[in-house]
Amino acid sequence: MRIVIAKDYQALSKKAAHIIAGQLIMKPDSVLGLATGSTPLGTYQTLVTMVEDGLASFSQAQTFNLDEYYGLGPQDPQSYYYFMQQNLFSRVDMRSNCIHIPDGLAGDVQMECLRYEEQIRRHGGIDLQLLGIGRNGHIGFNEPDLKFEAITHLVALDQDTIEANARFFDEPSQVPRQAISMGIKTIMHARKILLLASGKEKASTVYQMVYGDIRPELPASVLQIHPDVTIIVDEAAAEGLAQMRGTDTSYIRIE
Ligand code: PGA
């Protein structure tokens, strides 16, 4: 794991955007795995500016999003499809037929999950997967569990996730109870992973992800065994890591 501690959210967002832009420069037809939530918003905003300034281009990229709420269609303002359109896709030079997001209205969910996996495979696998992390340690919507769920699947959202995501809805009761999410194996097959965490409410989860046992009760802990993971945290989210100074933290770069 490569851990970069950025001064604040803005610095974190710039670094993440630069890594994604660098990926697109090195391989313009990259397959990017993308995430929703509050954390990547600054990264997407920075990427929009970079595209406007001619410093990055999505024109040959393919994108696969981690997840989608089950029961919400692309026109629903709470859907992740809508989120991605608003915050990135409609604002950069992305081709609409190269955008892939699980279909939250799929009649046959099992088929949809298999179709999504097959599409990722057909495009050669994910080059760079962007991740946030839930307070409960989830990545995508892989919630704490007794086993690591392997491939794209239908998930029942944790109470903690429902509460955390209620801020995006008028009423907590409106938060969908299920989602379609890439599995842990899908994520682990990405060639590179870039995980972002911001704010002190993520500090203890980040600490457990890096120093805790690898266990499905904290899904992000599995990243310890991925060969190419970069974690960018701001100082608030790095609070727990700071306690480890003096032990083996040689791989942590503080900027
Ligand atoms: P957040 O969500 O970026 O809104 O904190 C992250 C996540 O739940 O994966």
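Just so you know, residue 1 is the first one in the sequence shown, and it goes up from there. Numbering of ligands and ligand atoms starts at 1, following listing order. Predicted model only: the values in this text are computed from it and were never measured.
- Around ligand 1 you find Gly37, Ser38, Thr39, Gly132, Ile133, Gly134, His138, Arg167, Lys202, each with a heavy-atom distance below 4.0 Å.
- For Gln208 and Arg215, the side-chain atoms include at least one donor-acceptor pair closer than 3.5 Å.
- For the pair Glu117 and Arg115, the salt-bridge criterion is not met [side-chain N within less than 4.0 Å of a carboxylate O].
- In summary, Arg191 and Asp127 engage in a salt bridge, as defined by a charged side-chain N under 4.0 Å from a carboxylate O.
- Judged as a side-chain contact (heavy atoms from CB on, under 4.5 Å), and not counting sequence neighbours, the contacts of His189 are Lys185.
- Side-chain contact between Leu32 and Leu24 is present, with heavy atoms from C-beta onward closer than 4.5 Å.
- Between Asp160 and Arg135 there is a salt bridge, since at least one side-chain N of the basic residue sits less than 4.0 Å from a carboxylate O of the acidic one.
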